[in-house]
Amino acid sequence: MTRPPQRRRSPLAILSLLLTVMAMVFGTAPASSAQSGWWDPAARPAPDSQINVTGEPFKGTDAQGRVRGFVDAHDHLMSNEAFGGRLICGKTFSEQGIADALKDCPEHYPDGSLAIFDFITKGGDGKHDPDGWPTFKDWPAHDSLTHQQNYYAWVERAWRGGQRVLVNDLVTNGVICSVYFFKDRSCDEMTSIRLQARKTYEMQSFIDTMYGGPGKGWFRIVTDSAQAREVIEQGKLAVVLGVETSEPFGCKMILDIAQCSKQDVDRGLDELHSLGVRSMFLCHKFDNALCGVRFDSGTLGTAINVGQFLSTGTFWKTEKCTGPQHDNPIGLASATAAEKRLPVGVKVPSYAADAQCNTRGLTELGEYAVRGMMQRKMMIEIDHMSVKAVGRVLDIAEAGSYAGLISSHGWMDAGWTERVYRLGGFITQYMNGSEGFVAEARRTKDLRDKYGVGYGYGTDMNGVGGWPGPRGADTSNPVRYPFRSVDGGSVIDKQTTGDRTWDINTDGASHYGLVPDWLEDIRQVGGQDVLDDLFKGAESYLRTWGASENHRAGVNLAAGSSASASSTEWNLFTSYAPDRAVDGRAQTRWASGWSDGQWLRIDLGTPSLVKRVTLEWERAYGKAYRIEVSDNGDDWRSVWSTTAGDGGLDTAQFAGTTARYVRVLGQERGTKWGYSLYEVGIYST
């Protein structure tokens with residue numbers, strides 16, 4: 001998916017530069033139902049927000065045994081703890097109560113004159129009424145990017161409205177933290193990630209206390225898909241921990257030199273897994289030692305490019321794309337405040353309009369991290385990766401039949417959508433306005449039907465992205481309060497916190513508690529079928545997660561097998577013999593003579609079931625070639641072919657067939673050289 005055009009972006013300057021990636025998702029309010037049930041706490045804090053939802057939350061599965069409910073695959077519950085602790089004002093919960101949780105940053109008082117990030121992201125002079133509880137005159141609001149939107153009671157309302165999965169992405173950015181004027185804690189990214197994970201578990205305990213003790217509350221952090229299913233079947237909210245940060249495990253890059261090692265990657269992945277993290281972005285906003293990023297555009301893109309330079313010592317570099325997919329155009333818009341941070345004499349470069357791809361893809365270290373995530377059964381977030389990086393990740397996943405790929409908020413080229421679905425991955429859309437959201441949902445409807453998958457959304461709240469504004473009370477199809485939840489079991493009225501009552505028609509998506517209202521707005525605009533697809537989202541997300549957990553690396557039948565070829569390139573110092581393509585060593589390869597019609601034949605020794613062949617090409621790749629099989633080595637039958645090979649890692653998947661011999665037959669070279677393969681894999685699965 002491309003980044004939805006409806007996604008609002010205020011021109012951010014310096015600190016906003018790359019900070020456009022942090023959001024939280026929480027919305028709820030205390031119940032106003034007359035009856036009391038398991039969903040009502042025994043001891044809610046007083047005073048507190050209202051929930052304004054009546055009726056019992058649905059439990060169990062449908063007639064086919066599938067869980068029901070919406071999924072928000074991209075939120076940032078704890079980003080108020082990130083970026084030095086003073087960028088996002090307010091807390092998701094507080095033992096001292098709502099007055100302590102929903103108050104502004106100290107420097108915003110008395111009138112917002114020092115709300116620097118506020119006027120950078122929103123424009124104007126940043127002045128606003130800083131008081132949150134109980135008046136909420138100026139915040140939270142759909143266009144206020146610096147104030148808490150994920151108060152726990154607002155998240156509760158979203159759960160009561162039918163949401164059953166919430167992915168809490170732990171997020172921060174060391175450069176933004178370092179350049180922001182106000183902070184009260186370390187800018188170290190991993191230190192912040194650890195803190196946010198701990199605070200999420202504390203939030204679970206905070207809610208549990210209201211319901212009578214450990215395990216009793218509706219907010220349940222889960223670490224595997226089976227546990228998530230149990231939680232949802234109980235009618236509760238399954239919370240998954242993810243990570244979205246620019247320099248994971250300290251894997252930044254300075255002047256194109258990696259500042260981390262494979263050992264750092266292993267230690268970092270092990271630590272995150274032990275914290276309960278099950279999905280992760282390898283890069284975000286800045287190129288790092290693992291991968292290149294998908295660019296931002298316009299003023300924001302220029303500001304983030306400045307941040308890239310401050311972080312890495314280099315600006316983004318572009319090249320002409322080799323395929324139909326492309327990264328976002330950088331644009332030439334100025335970002336004066338950000339550019340003032342550059343050293344004297346250093347300027348943001350200009351970029352050719354026909355060069356829209358990042359030169360940096362997935363690095364060798366990044367590939368090691370991807371394979372490490374696969375070994376740990378973690379889900380790989382591909383939004384924010386450059387086209388070149390995503391393409392390689394897809395190649396690796398296809399070669400290993402690994403389903404665990406997630407596009408969680410619409411930051412991926414639309415040309416990759418079917419490849420993700422074919423693997424068993426999951427895709428959502430950013431929380432756009434209802435018209436834009438419906439249009440994009442309809443565009444991809446046929447593919448979802450083809451692969452039998454549901455849909456999701458990524459609210460990205462407290463992620464400095466902007467959220468749907470009001471359509472107006474005078475529109476022909478407004479949300480009419482009260483309305484029923486999609487399952488029909490709950491009645492949802494306007495949400496009230498303190499002295500303020502919000503209406504999606506006139507206020508837009510101001511905080512997480514209005515997610516059910518936004519979903520009803522989508523129903524008004526797009527009809528029940530769009531909402532039905534979204535209601536299947538939790539099941540589809542859990543299928544992707546479960547498939548990644550159940551993944552088993554297939555046995556490579558080609559490893560160590562006997563190999564022969566039509567020809568072998570001669571070299572005085574290096575052997576390019578056929579068996580080099582099946583020796584299990586990534587540095588060795590078979591290379592043919594420089595002409596078409598070359599072949600590599602592998603003898604498996606005994607007849608075996610063959611369903612999948614992987615080819616790791618050297619620069620001399622096959623543009624057109626066939627995969628053939630034989631029982632006797634003489635009579636061949638074609639099982640797969642292509643005329644559009646582009647090198648790299650190819651996967652040929654076909655209906656299983658029994659054969660002893662497998663042959664790669666080159667028909668047209670992709671270069672002036674011959675055909676050259678580092679490694680061939682042959683699998684029965």
Side-chain angles (χ1 to χ4, degrees), residues 320-325 361-362 367 387-388 390-401 415 419 422 556-559 561-571 574-604 610-630 633 635-655 657 659 661-683:
K320 291 185 178 180
C321 304
T322 58
Q325 288 78 29
L362 192 68
E367 185 164 328
V387 159
K388 187 181 286 189
V390 174
R392 181 63 179 177
V393 171
L394 285 166
D395 287 345
I396 294 170
E398 288 166 346
S401 292
R419 288 183 71 181
R422 190 183 299 126
N556 183 4
L557 304 176
S561 295
S562 173
S564 57
S566 55
S567 66
T568 299
E569 181 181 340
W570 183 86
N571 186 288
T574 303
S575 171
Y576 296 127
D579 63 353
R580 296 304 177 98
V582 292
D583 62 3
R585 298 169 58 198
Q587 298 78 20
T588 60
R589 60 188 174 94
W590 162 69
S592 77
W594 293 13
S595 63
D596 290 326
Q598 305 289 341
W599 52 261
L600 175 72
R601 185 180 75 168
I602 298 167
D603 181 357
L604 301 179
V610 178
K611 294 181 66 175
R612 179 165 51 97
V613 175
T614 62
L615 306 173
E616 180 74 72
W617 294 100
E618 193 252 353
R619 285 182 299 170
Y621 67 93
K623 180 179 180 181
Y625 62 92
R626 291 202 304 258
I627 304 295
E628 300 178 327
V629 298
S630 172
D635 302 309
W636 296 92
R637 57 187 186 274
S638 177
V639 292
W640 189 90
S641 65
T642 184
T643 58
D646 58 358
L649 179 56
D650 287 349
T651 297
Q653 193 124 18
F654 42 86
T657 184
Y661 300 90
V662 177
R663 183 168 73 174
V664 182
L665 176 62
Q667 297 170 292
E668 181 183 352
R669 291 167 292 153
T671 68
K672 64 181 180 181
W673 303 296
Y675 299 87
S676 185
L677 286 163
Y678 283 115
E679 202 69 21
V680 176
I682 301 174
Y683 301 90

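Side chains included, hydrogens not; waters and symmetry mates left out as well; all remaining heavy atoms used.
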Quiz item: Would you call the rings of Trp594 and Trp673 parallel, tilted or perpendicular, where under 30° means parallel and over 60° means perpendicular?
Solution: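 If you compare the ring of Trp594 with that of Trp673, the planes turn out perpendicular.
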
Exercise. Quick one: sort the Trp636 and Tyr661 rings into parallel, tilted or perpendicular, breaks at 30° and 60°.
Key: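 The rings of Trp636 and Tyr661 stand perpendicular, inter-plane angle above 60°.
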
Residues forming a side chain to side chain donor-acceptor pair (under 3.5 Å) with [X], sequence neighbours excluded:
X	answer
Ser566	Gln598
Arg580	none
Asp635	Asn632
Thr574	none

Taking all non-hydrogen atoms of both residues, which atom of [X] and which atom of [Y] are closest, and how far apart?
X	Y	result
Val639	Phe654	O-CB, 3.5 Å
Ala620	Thr671	CA-OG1, 3.7 Å
Ala558	Val582	O-CB, 3.3 Å
Tyr683	Leu557	C-CD1, 4.5 Å
Leu649	Ala399	CD2-CB, 3.7 Å
Tyr576	Asn571	CE1-CB, 3.8 Å

How far does [atom1] of [X] sit from [atom2] of [Y], to the nearest 0.5 angstrom?
X	Y	atom1	atom2	value
Glu569	Ser676	CD	OG	7.5 Å
Glu679	Arg585	CD	CZ	10.0 Å
Arg663	Ser564	CZ	OG	9.5 Å

Quiz item: Between Trp617 and Leu677, does a side-chain contact (heavy atoms from CB on, under 4.5 Å) hold up when you go through it step by step?
Solution: CA-CA 5 Å; Trp617 294 100; Leu677 286 163; 3.5 Å; yes

Partner residues of [X] under the salt bridge (Lys or Arg N to Asp or Glu O under 4.0 Å) criterion, sequence neighbours left out:
X	value
Lys320	Asp354
Arg419	Asp395, Glu398
Asp646	none

Quiz item: So, Thr657 versus Arg637: side-chain donor-acceptor pair below 3.5 Å or not?
Solution: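 Indeed, the side chains of Thr657 and Arg637 share at least one donor-acceptor pair under 3.5 Å.
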
Side chain to side chain contact (heavy atoms under 4.5 Å, CB included) against [X], all qualifying residues, sequence neighbours excluded:
X	value
Thr322	none
Thr643	Ala624
Glu367	Leu362, Arg371, Arg392, Ile396
Ala565	Pro578, Trp590, Leu600

Self-check item: Residue pairs fulfilling salt bridge (Lys or Arg N to Asp or Glu O under 4.0 Å) with at least one residue in residues 588-599, sequence neighbours excluded
Solution: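 Every pair satisfying salt bridge (Lys or Arg N to Asp or Glu O under 4.0 Å) with a residue in residues 588-599: Arg589-Glu618, Asp596-Arg669.
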
Quiz item: Backbone N or O of Ile602 within a donor-acceptor pair of the Ser561 side chain at under 3.5 Å?
Solution: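 No, the answer is negative, given that no donor and acceptor are paired below the 3.5 Å cut-off.
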
Exercise. Please name the residue in the list Tyr625, Trp640, Tyr621 that meets the side chain to side chain donor-acceptor pair (under 3.5 Å) test with Asp650.
Key: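 Answer after filtering Tyr625, Trp640, Tyr621: Tyr625.
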
Quiz item: Does the side-chain contact (heavy atoms from CB on, under 4.5 Å) test come out yes or no for Ile627 and Leu615, once each step is laid out?
Solution: CA-CA 10 Å; Ile627 304 295; Leu615 306 173; 4.1 Å; yes

